[in-house]
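Worksheet for the structure shown next.
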Number of protein chains: 2
Amino acid sequence: MVLIILKMSKKASEHISPVLNIPIFRNLPEPAGRMLDGILVRREFSRGENIFIEGSESTGFYIIMKGRVKVFKLSSDGKEQILHIVGSKELLGAVSAFAGNPYPAHADAMEKTKALFFPRKDFLALIKNEPSVVMNMMANLSMRLQYFTRMIEDLSLKEVPGRLAAYLLYLSRQPGYSETVEIDISRGQLASLLGTIPETLSRILRRMSEKGILEVSGRRIKLLKKKTLHDIVNGEKAGL
Amino acid sequence: MVLIILKMSKKASEHISPVLNIPIFRNLPEPAGRMLDGILVRREFSRGENIFIEGSESTGFYIIMKGRVKVFKLSSDGKEQILHIVGSKELLGAVSAFAGNPYPAHADAMEKTKALFFPRKDFLALIKNEPSVVMNMMANLSMRLQYFTRMIEDLSLKEVPGRLAAYLLYLSRQPGYSETVEIDISRGQLASLLGTIPETLSRILRRMSEKGILEVSGRRIKLLKKKTLHDIVNGEKAGL
DNA sequence: ATATGTCTTTGACTTATGTCAAGAACGTAA
DNA sequence: TTACGTTCTTGACATAAGTCAAAGACATAT
């Protein structure tokens, strides 16, 4: 039923299935693309809506088309640690779906989010016929592993100012930013991503402003002394 | 009994390439196994020897056959954080070799280690012909991702006693252990694995002994109050 | 056995960061 | 606008954990 709606929503003007633009489906032949159109289920989530919870059985995975999703763990006292933020064209819950394990974390939509759901059984059938999909997914997993490797390093080796500095410098290397970066998440969320609490983050931002390293105005932050930020990442105290 | 097993494994090797017992090569046809015998390079490392360093180019990956290898990061002041310990039948450096990235961490042999080296170019050739290898590797990567997810949670959500308790309980669930566990790494290494320093670990072990939660004698630790350990994992202070 | 080097433990001290509580700033809806 | 709820900031405080330094235990080799 949902499948029919999907099909109808696709205009004949599109001679190439748009799903073939999704990284893990790159290089697939066109017939496979048409087949995917019939398998993938469109789903929408509103801001703050839960997509899955930790421990629940994985029935498939999501390809995020629009919006952002936070994947996070909760401690026994309700504090959350964001593991990562999944954005457009990225996969959500793929590892669990592949391995057949329950989801290891919670996922909430951070804003209005559109996604395609890929049922596990259909996915397992697809990879039998199209091994290249597995190759693409492995590249995807590899990147995630490298990201996590780095995150473990950040969380365990550096103090909060170092983690913040690393994050700001990372943002400044993203396309469109250089001297000024726009933090696209709230202070509290950023604190969680850095493995700390809003109070601590707030204090550190103030101290960095006082030292003339940053200029903070809401979610817009100007990096005045990038060199000092690099030093902080490398463990320098920089008089904070 | 041991002799019989030994004999059988020797006999079997005359008919089936032993490499086909390695998880990622499971289900490969015998001809591929013989081909692998000609590709894999036997390498040995002595205790403490470096296998690769962070940032160096990845020319292939290792399959550990005997011994253990620690994969770790170094902070600017030389402090190390162990990411994981790779043991028998496990892969070392596979992500980098697959993605063609430099190694993201250092790897040192913790003891005399025997490994098979799989050159990157040969591996890329193999997966073209044998997609099932990629499936097996993806299962491997998935497990690693889940492990890292858990590790990030441990490092960021829990205090050191909680991480220690989680590790001890994890060991006690391993085959062969229940009330008493044998820590197979030195105090300093364990500290690094838990994201702390030997001094702190030492103090916490003492406090737990004083409270009658543990009984420590060298690398042998008796878990006297498992329930309390669980409470500590869940954030209870337990009067430490 | 003795000596040498490494690993581990302990104590005194410092510091980064979390907790608690209150006020300020901000956004949203009436 | 005002009022309300949320988020952010700030201060005083508590504490977990790191640093430094020294002593003790342990293992290895001579």
Side-chain angles (χ1 to χ4, degrees), chain A residues 46-48 75-81 110-111 154-165 183-211 214 216-221 232-233 235-240, chain B residues 46-48 70 75-82 108 110-112 154-165 183-211 214 216-221 232-233 235-240:
Chain A
S46 45
R47 180 185 146 84
S75 64
S76 49
D77 59 343
K79 217 169 33 183
E80 78 177 36
Q81 161 72 38
M110 297 174 71
E111 50 200 62
D154 285 351
L155 284 173
S156 60
L157 255 39
K158 291 200 251 312
E159 296 161 344
V160 179
R163 292 178 230 157
L164 172 63
I183 296 182
D184 50 358
I185 52 178
S186 75
R187 286 280 193 286
Q189 305 271 285
L190 177 57
S192 162
L193 193 63
L194 298 177
T196 185
I197 56 174
E199 293 97 315
T200 297
L201 175 60
S202 187
R203 281 182 245 273
I204 291 169
L205 280 171
R206 175 159 51 90
R207 278 184 279 165
M208 284 187 172
S209 296
E210 285 165 4
K211 289 281 165 189
L214 304 177
V216 184
S217 56
R219 291 191 176 186
R220 193 173 299 271
I221 295 181
I232 292 172
V233 170
E236 298 286 334
K237 296 270 171 287
L240 293 174
Chain B
S46 44
R47 179 184 148 84
K70 67 173 174 188
S75 64
S76 49
D77 58 343
K79 217 169 36 183
E80 77 178 38
Q81 161 72 37
I82 296 180
D108 282 1
M110 297 174 72
E111 51 201 60
K112 201 170 182 324
D154 286 351
L155 285 173
S156 61
L157 255 38
K158 291 201 244 325
E159 296 162 343
V160 179
R163 292 179 231 156
L164 171 62
I183 295 181
D184 52 358
I185 52 178
S186 75
R187 287 281 192 287
Q189 305 272 284
L190 176 58
S192 162
L193 194 63
L194 298 176
T196 185
I197 55 175
E199 291 97 317
T200 297
L201 175 60
S202 188
R203 282 182 245 272
I204 291 168
L205 280 172
R206 174 160 51 91
R207 278 183 280 166
M208 284 187 172
S209 296
E210 285 165 3
K211 290 282 166 189
L214 304 176
V216 183
S217 55
R219 293 192 174 184
R220 192 173 298 271
I221 295 180
I232 292 172
V233 170
E236 299 286 335
K237 296 268 171 287
L240 294 174

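Residue numbers begin at 1 in each chain, while the letters A, B, ... track the order of the sequences.
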Donor-acceptor contact below 3.5 Å, side chain Arg187(A) vs main chain Pro198(A): no
Approximate separation, where rounding is to 0.5 Å, of Met110(A) CE and Asp184(A) CG: 7.0 Å
Length of the line joining Glu80(B):CD and dC7(C):P, which is rounded to integer Å: 11 Å
Inter-residue atom distance Leu201(B).CG - Gln189(B).CD, 0.5 Å rounding: 12.0 Å
Residue pair Leu205(B), Ile221(B): steps toward the side chain to side chain contact (heavy atoms under 4.5 Å, CB included) verdict: CA-CA 10 Å; Leu205(B) 280 172; Ile221(B) 295 180; 4.2 Å; yes
Whole-Å gap separating C1' (dT15(D)) and CD (Glu159(B)): 9 Å
Between P of dT15(C) and CD1 of Ile197(B), the distance in whole Å: 15 Å
Leu194(B) CG to dT8(C) P, straight-line distance once rounded to whole Å: 13 Å
pair Leu164(A)-Ile232(A): side-chain heavy atoms closer than 4.5 Å: no
Atom pair distance, as rounded to whole Å: NZ in Lys237(B) and C1' in dA14(D): 11 Å
Rounded distance (Å) that lies between atom P of dT15(C) and atom CD of Glu236(A): 16 Å
Pairwise distance CD1(Ile204(B)) to OG1(Thr196(B)) - rounded to 0.5 angstrom: 6.0 Å
Separation between CG of Leu193(B) and CG of Asp154(B), rounded to the nearest 0.5 Å: 10.0 Å
Whole angstrom value for the distance that separates P of dA16(C) from CE of Met208(A): 12 Å
Steps toward salt bridge (charged side-chain N to carboxylate O under 4.0 Å, His left out) verdict (Arg203(B), Glu199(B)): CA-CA 6 Å; Arg203(B) 282 182 245 272; Glu199(B) 291 97 317; 5.7 Å; no
Protein proximity profile, nucleotides 24-30 of chain C - base contact B, sugar-phosphate-only contact S, no contact -, cut-off 4.0 Å on heavy atoms: -------
Under 4.0 Å protein heavy-atom contacts per nucleotide of nucleotides 7-13 of chain D, with B for base, S for backbone only and - for none: -SSBBB-
